[in-house]
2 protein chains.
Amino acid sequence: MKLSVRGEYALRALTHLGLYYGPEVLRIQAIADEQRIPKRFLEQILNELRNGRFVESRRGVAGGYRLAAPPDKIFLAAVIRHVEGALAPVGCVSEKFYEKCNCPDESRCALRAVMKEVRDAIAGILEKRTVADLVKKAVELKNQPMGADDFVI
Amino acid sequence: MKLSVRGEYALRALTHLGLYYGPEVLRIQAIADEQRIPKRFLEQILNELRNGRFVESRRGVAGGYRLAAPPDKIFLAAVIRHVEGALAPVGCVSEKFYEKCNCPDESRCALRAVMKEVRDAIAGILEKRTVADLVKKAVELKNQPMGADDFVI
DNA sequence: GAGATCTTGAATGGTTTCGTCGAGTATCTA
DNA sequence: TAGATACTCGACGAAACCATTCAAGATCTC
């Protein structure tokens with residue numbers, strides 16, 4: 001039940017932009033270098049995020065991207081839905097990207113109930129979390145000494 | 001963040017087998033017909049479930065499949081992990097199918113914390129739910145009148 | 001022994017994913 | 001105004017994956 005690489009890159013790029021949130025823009029090359037994301041692929045992803053109004057861009061010599069809203073207004077659920085579609089593990093319990101499944105009788109599908117539970121749990125987390133949370137965490141982690149083992153939540 | 005069709009078919013087949021749990025076996029054709037799953041594909045899936053010891057089989061004229069354990073001992077998390085791998089949305093927070101990601105510094109990855117939260121939520125549900133829960137739900141839904149609207153959890 | 005059904009390993013075609021490319025457009029600076 | 005830089009758009013390609021199928025063999029019951 002994987003988040004796509006595209007989705008992951010989108011979130012990492014937004015986190016990076018969140019770290020530098022302000023009037024200035026960051027160049028794609030800079031984000032790509034820092035986050036080790038292929039530049040041309042990142043171009044495509046940022047363009048899509050611009051379409052979703054998560055970022056805004058400026059062309060030209062001093063061009064680049066920046067967040068289109070404050071980090072605490074950009075919910076992770078919205079980003080993931082925009083970039084890759086439903087959060088729900090099966091289409092028929094998706095509230096925003098409903099897709100009929102092929103089971104014989106959807107109104108009698110036992111699996112649906114459990115999958116709705118999973119969908120609600122995922123949405124419950126991602127609809128609360130924002131880019132600000134990621135930024136805060138990134139700053140925390142940046143400031144902790146090297147060599148720390150796996151952190152715990 | 002989709003469950004694959006394979007994973008879904010596996011769970012539906014197990015639910016069906018759970019409905020008829022007992023010493024007798026069900027033929028693949030019967031499960032396929034009832035659940036509208038392509039027979040040859042289902043053969044492959046059941047074989048994999050047999051490898052994971054979720055079902056057992058008997059060959060020959062009276063051949064077929066049945067659950068290898070009581071329905072309330074077959075956890076959905078175990079099934080999904082067997083059939084399609086990690087529950088976690090990103091490999092680097094998977095506890096059972098760890099995969100390094102490509103971010104620059106995993107120990108400083110802000111996204112990991114949120115994705116671990118999501119992983120824990122998904123696992124929290126699926127490690128509690130069993131095939132017995134699906135069977136119980138299936139029986140409930142079967143016994144309710146036609147025409148009922150979307151059920152609620 | 002025939003027929004029915006599982007078993008194994010491989011194959012196929014379509015789709016998706018990840019990533020790239022070329023050319024165009026816009027903007028800024030010298 | 002020209003050149004440089006960076007965004008924008010639409011398309012492309014390889015690889016991987018997914019959903020599904022196939023052929024032949026093994027097993028079991030009647």
Side-chain angles (χ1 to χ4, degrees), chain A residues 1-10 12-13 17 23-33 35-66 68 80 83-86 89-91 97 99 101-103, chain B residues 1-13 17 23-33 35-66 68 80 83-86 89-91 99 101-103:
Chain A
M1 308 214 288
K2 280 301 182 47
L3 179 69
S4 63
V5 165
R6 184 187 201 80
E8 186 191 326
Y9 285 171
R12 277 167 46 196
L17 288 170
E24 73 283 4
V25 294
L26 301 186
R27 293 186 297 120
I28 296 180
Q29 185 65 60
I31 304 170
D33 287 345
Q35 292 294 327
R36 278 192 353 225
I37 298 171
K39 177 175 179 289
R40 300 311 303 268
F41 193 16
L42 183 57
E43 284 175 8
Q44 196 182 93
I45 293 167
L46 285 171
N47 195 48
E48 201 176 339
L49 289 174
R50 186 175 55 80
N51 288 340
R53 300 178 187 278
F54 297 102
V55 299
E56 59 194 25
S57 62
R58 193 165 77 206
R59 287 177 164 195
V61 163
Y65 281 85
R66 69 192 200 117
I80 295 172
V83 168
E84 72 173 56
V90 291
F97 302 86
E99 282 172 20
C101 60
N102 87 322
C103 69
Chain B
M1 307 215 289
K2 280 304 184 40
L3 178 68
S4 63
V5 165
R6 184 187 201 83
E8 185 190 326
Y9 285 171
L11 293 172
R12 277 166 48 194
L17 289 170
E24 73 282 6
V25 295
L26 301 187
R27 292 184 297 119
I28 296 179
Q29 185 64 61
I31 304 169
D33 287 344
Q35 292 293 328
R36 280 199 344 231
I37 298 171
K39 178 174 178 291
R40 306 311 298 269
F41 194 15
L42 184 55
E43 286 176 8
Q44 196 182 94
I45 292 167
L46 285 171
N47 195 48
E48 201 175 339
L49 289 174
R50 184 172 58 80
N51 289 339
R53 300 179 187 282
F54 297 102
V55 299
E56 58 195 24
S57 63
R58 193 164 77 208
R59 286 178 164 193
V61 162
Y65 281 85
R66 71 193 197 114
I80 295 173
V83 167
E84 72 173 56
V90 291
E99 282 174 19
C101 60
N102 87 321
C103 68

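Quick caveat: nothing in here was measured; it's all calculated off a predicted structure. Lettering follows sequence order; numbering is per chain, from 1.
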Participant: A:Asn47 has a side chain; which of D:dC7, D:dC9, C:dC18 sits nearest to it?
Facilitator: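 Closest nucleotide among those given: D:dC9.
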Participant: How would you list, by chain and number, every residue that makes a side-chain hydrogen bond (donor to acceptor under 3.5 Å, both in side chains) with B:Tyr9, sequence neighbours excluded?
Facilitator: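 For B:Tyr9, the residues satisfying side-chain hydrogen bond (donor to acceptor under 3.5 Å, both in side chains) (neighbours in sequence not counted) are A:Asn102.
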Participant: From the list D:dA19, C:dC18, D:dT8, which nucleotide is the closest neighbour of the side chain of A:Glu43?
Facilitator: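 Selected nucleotide (nearest to the side chain): D:dT8.
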Participant: Between C1' on C:dG19 and CD1 on A:Ile37, what's the gap in Å once rounded to a whole number?
Facilitator: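 Taking atom C1' of C:dG19 as the reference, CD1 of A:Ile37 is at 13 Å.
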Participant: Using only side-chain N and O atoms of B:Tyr9, determine if any of them is under 4.0 Å from OP1 or OP2 of D:dA19.
Facilitator: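 Indeed not, no polar side-chain atom of B:Tyr9 lies that close.
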Participant: Restricting to salt bridge (Lys or Arg N to Asp or Glu O under 4.0 Å), what partner residues turn up for B:Arg6, sequence neighbours left out?
Facilitator: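 Scan of B:Arg6 (salt bridge (Lys or Arg N to Asp or Glu O under 4.0 Å), adjacent residues dropped) gives B:Glu48.
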Participant: Identify whether any heavy atom of B:Gln44 sits under 4.0 Å from a base atom; if not, whether one sits that close to sugar-phosphate; answer base, sugar-phosphate or nothing.
Facilitator: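 Base contact.
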Participant: Taking atom CD1 of B:Ile37 and atom CD of B:Glu8, what is their separation to the nearest 0.5 Å?
Facilitator: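 Between atom CD1 of B:Ile37 and atom CD of B:Glu8 there are 8.0 Å.
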Participant: Restricting to side-chain hydrogen bond (donor to acceptor under 3.5 Å, both in side chains), what partner residues turn up for A:Glu43, sequence neighbours left out?
Facilitator: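 Partners of A:Glu43 under the side-chain hydrogen bond (donor to acceptor under 3.5 Å, both in side chains) test: A:Lys39, A:Arg40.
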Participant: Between D:dC7 atom P and A:Leu17 atom CG, what is the distance in whole Å?
Facilitator: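 After rounding, the gap between these two atoms is 11 Å.
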Participant: Checking A:Ser4 now: which residues fulfil side-chain hydrogen bond (donor to acceptor under 3.5 Å, both in side chains) with it, not counting sequence neighbours?
Facilitator: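 So A:Ser4 forms a side-chain hydrogen bond (donor to acceptor under 3.5 Å, both in side chains) with A:Glu84.
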Participant: Is there a donor-acceptor contact under 3.5 Å from the side chain of B:Arg58 to the main chain of B:Val25?
Facilitator: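 Flag not set: sc B:Arg58 to bb B:Val25 has no pair under 3.5 Å.
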Participant: Which one, C:dC18, C:dT20, D:dA19, comes nearest to the side chain of B:Arg6?
Facilitator: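 Of the options given, the side chain of B:Arg6 lies nearest D:dA19.
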Participant: Expressed as a whole number of angstroms, how long is the span from A:Leu42:CG to C:dT20:P?
Facilitator: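 Computing the A:Leu42:CG to C:dT20:P distance gives 11 Å.
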Participant: Using the side-chain hydrogen bond (donor to acceptor under 3.5 Å, both in side chains) criterion, which residues pair with B:Arg27? Sequence neighbours excluded.
Facilitator: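 Result, side-chain hydrogen bond (donor to acceptor under 3.5 Å, both in side chains) vs B:Arg27: none returned.
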Participant: Summarise protein proximity over nucleotides 24-30 of chain D in one line of letters, 5' to 3': B for base, S for sugar-phosphate only, - for none, counting protein heavy atoms closer than 4.0 Å.
Facilitator: -BBBBB-
Participant: In whole Å, what is the span from the CD atom of A:Glu84 to the P atom of C:dT16?
Facilitator: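 Value for this atom pair: 14 Å.
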Participant: The side chain of A:Ser57 is closest to which nucleotide in this list: D:dT8, D:dT20, C:dT7?
Facilitator: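 Out of D:dT8, D:dT20, C:dT7, the nucleotide with an atom closest to A:Ser57's side chain is D:dT8.
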Participant: Could you tell me how far apart A:Gln29 (CD) and C:dT20 (P) are, to the nearest whole angstrom?
Facilitator: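 Rounded to the whole Å, the gap is 12 Å.
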Participant: Using whole Å, what does the distance between atom P of nucleotide C:dA4 and atom OH of B:Tyr65 come to?
Facilitator: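 In whole Å, C:dA4 P lies 19 Å from B:Tyr65 OH.
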Participant: Rounding to an integer number of Å, can you tell me how far A:Phe41 CZ sits from D:dG13 C1'?
Facilitator: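 In whole Å, D:dG13 C1' lies 14 Å from A:Phe41 CZ.
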Participant: Looking at A:Ser4, does any N or O in its side chain come under 4.0 Å of the phosphate oxygens OP1/OP2 on C:dT16?
Facilitator: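 Answer is no, no contact under 4.0 Å.
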Participant: Would you indicate what A:Ile28 reaches in the nucleic acid, counting non-hydrogen atoms under 4.0 angstrom: base, sugar-phosphate, or nothing?
Facilitator: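 A:Ile28: backbone/sugar contact only, no base atoms under 4.0 Å.
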Participant: Could you state the atom-to-atom distance from CZ of A:Arg50 to C1' of D:dT8 in whole Å?
Facilitator: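 About 7 Å, once rounded to whole Å.
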